[in-house]
Number of protein chains: 2
Amino acid sequence: MAKLQKSIDKRNALIKATIELVNNNGFHATPMSKIAKMANVSPATIYLYFENKQDLVNKTYIEVKEKFTAYAFETFEESMSVEEGFKLIWNRIADFKFKHCEEAMFLAQCDNTPMIDEPSREVGIKHFQTLLDLWGRGKKEGLIKPMSDHILYAYTIIPLSFLIISQKRGAITLTKEHIEQSYLAAWNSIKA
Amino acid sequence: MAKLQKSIDKRNALIKATIELVNNNGFHATPMSKIAKMANVSPATIYLYFENKQDLVNKTYIEVKEKFTAYAFETFEESMSVEEGFKLIWNRIADFKFKHCEEAMFLAQCDNTPMIDEPSREVGIKHFQTLLDLWGRGKKEGLIKPMSDHILYAYTIIPLSFLIISQKRGAITLTKEHIEQSYLAAWNSIKA
DNA sequence: TATATAAAAATGAATGTTCATTCTTTTTTT
DNA sequence: AAAAAAAGAATGAACATTCATTTTTATATA
């Protein structure tokens with residue numbers, strides 16, 4: 001166990017360092033040597049855990065995305081009403097982005113960039129099915145406007161990424177009130 | 001004039017090549033040599049027009065952003081009502097992103113990345129004052145919810161970037177109807 | 001339990017490549 | 001014929017990745 005434990009720590013440290021450095025400097029300006037240094041590891045060690053730089057970034061993306069969606073849907077139950085369920089999931093997402101804003105920023109950067117290869121991106125998308133199903137139910141029940149999932153996503157979830165990034169840049173300081181207003185804006189934009 | 005004309009052509013070709021290559025491969029994977037090749041120019045020539053790679057990207061960003069905002073506000077007039085003005089500007093923005101989706105994608109990538117340095121980013125923001133003023137008026141008149149400009153922006157303009165990128169990736173095909181639904185979603189999220 | 005040994009993990013120093021930038025020469029313009 | 005613009009080749013630094021060793025861990029033996 002000791003052996004495996006140690007390995008996981010190093011791996012986590014590498015992923016954490018990748019997130020932080022890519023957030024602050026961008027993919028193009030984060031050399032493997034810096035990642036190694038921040039993770040307190042030799043550059044060569046990275047290659048024991050990841051095939052190469054691209055693989056490191058892909059795996060980081062997938063891991064963060066999975067953590068994110070797991071958190072988003074953790075407390076959701078099928079038995080909930082559409083409105084209740086949506087409110088819950090939306091708030092979990094807001095909560096995650098708030099609490100783990102480094103991770104959230106990293107995802108935002110990946111989602112707008114050719115930094116991640118397509119297969120890894122696909123993996124990330126799959127995990128959102130729960131929300132799409134809920135929206136499907138909402139549309140059928142006439143509670144949510146009959147719009148493409150992409151539009152629903154664009155007007156409810158995407159704005160949060162922007163707000164978190166703005167906060168990280170120091171352009172705004174998000175309060176509980178902002179989040180409440182934000183939820184209302186999201187709901188108003190999709191409710192039938 | 002011949003001389004100046006020629007120079008401007010080369011400069012434009014360089015900016016166009018930068019947009020295209022960065023969109024498809026990301027900043028980290030677009031060497032100056034490729035930009036030069038795509039613009040039909042020697043690598044050395046780039047340095048007659050731009051100080052270095054960072055400068056080239058900064059200038060490209062500023063130029064595209066200016067073109068974008070100029071287009072967005074071109075037909076707006078102070079005399080318009082808030083709702084009318086907002087609808088007009090929003091549609092101009094949608095229109096621009098639709099017609100010039102390469103440019104729009106480039107901006108989206110810049111806005112979520114440390115690719116651009118802060119001073120250049122600031123320049124890009126300044127040009128949005130017209131919209132902020134309009135929102136200010138809307139809030140005063142009680143037509144728009146009293147929310148931070150960041151939230152208004154997040155729920156009306158930002159979603160468009162996501163939709164354009166999704167379209168470019170082939171995940172959705174945007175129709176006139178999508179755009180209309182989209183405008184309604186935007187307006188519903190901010191109207192008082 | 002202590003010791004020896006094999007296997008695994010980790011390292012720091014090379015390696016070779018890529019790439020931004022500069023230099024020197026050539027071409028074009030005035 | 002001088003000046004400006006452009007070119008291609010050269011330069012040197014940065015960097016991803018690999019190599020040869022060392023250190024750590026696990027296992028086996030006494």
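Note: hydrogens, waters and symmetry copies are ignored here, and every other heavy atom, side chains too, is used. Below, chain A is the first sequence line, B the second, and so on; all start at residue 1.
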May I have the distance from [X] (atom [atom1]) to [N] (atom [atom2]), rounded to whole angstrom?
X     : N      : atom1 : atom2 : result
B:D55 : C:dA20 : CG    : P     : 14 Å
B:L56 : C:dC19 : CG    : P     : 16 Å
B:N25 : C:dT18 : CG    : C1'   : 15 Å
B:K37 : D:dA7  : NZ    : P     : 14 Å
B:I46 : D:dA5  : CD1   : P     : 17 Å
B:Y49 : D:dA5  : OH    : P     : 8 Å
B:L48 : C:dT21 : CG    : P     : 14 Å
B:R11 : D:dA6  : CZ    : P     : 13 Å

Within residues 14-23 of chain A, the residues having a heavy atom closer than 4.0 Å to DNA chain C are none
Taking all non-hydrogen atoms of both residues, which atom of B:S120 and which atom of B:Y61 are closest, and how far apart?
O-CE2, 3.6 Å
For a quick test of reading the model, state the closest non-hydrogen atom pair linking B:C101 to B:K168 and the distance between them.
SG-CD, 4.2 Å
Picking from A:I165, A:I19, A:I116, A:V22, what satisfies side chain to side chain contact (heavy atoms under 4.5 Å, CB included) with A:Q109?
A:V22
Could you work out, with ring pair (Phe, Tyr, Trp, His ring centres under 6.0 Å) as the rule, every residue matching B:H178, not counting sequence neighbours?
none
Residues which pass ring pair (Phe, Tyr, Trp, His ring centres under 6.0 Å) with A:Y71, listed by chain and number, not counting sequence neighbours:
A:F96
Which pairs, with at least one residue in residues 58-68 of chain B and sequence neighbours excluded, count as a salt bridge (Lys or Arg N to Asp or Glu O under 4.0 Å)?
B:R11-B:E63, B:D55-B:K59, B:K65-B:D111, B:K67-B:E103
Less than 4.0 angstrom from a charged side-chain N to a carboxylate O is my criterion; do B:R121 and B:E118 meet it?
yes
Can you tell which of D:dA6, C:dA10, D:dG8 lies closest to the side chain of B:T45?
D:dA6
Restricting to side-chain contact (heavy atoms from CB on, under 4.5 Å), what partner residues turn up for B:A186, sequence neighbours left out?
A:Y155, B:W90, B:T156
Going by heavy atoms in the side chains, are A:F73 and A:L134 under 4.5 Å from each other?
no
Just the atom pairs and distances: protein N or O near nucleotides 14-18 of chain D's N or O, under 3.5 Å.
{"unit_1": "D:dA16", "atom_1": "OP1", "unit_2": "A:K53", "atom_2": "NZ", "d": "2.9"}
{"unit_1": "D:dA16", "atom_1": "OP2", "unit_2": "A:M32", "atom_2": "N", "d": "2.6"}
{"unit_1": "D:dT17", "atom_1": "OP2", "unit_2": "A:Y47", "atom_2": "OH", "d": "2.8"}
{"unit_1": "D:dT17", "atom_1": "OP2", "unit_2": "A:K53", "atom_2": "N", "d": "2.9"}
{"unit_1": "D:dT17", "atom_1": "O5'", "unit_2": "A:Y47", "atom_2": "OH", "d": "3.4"}

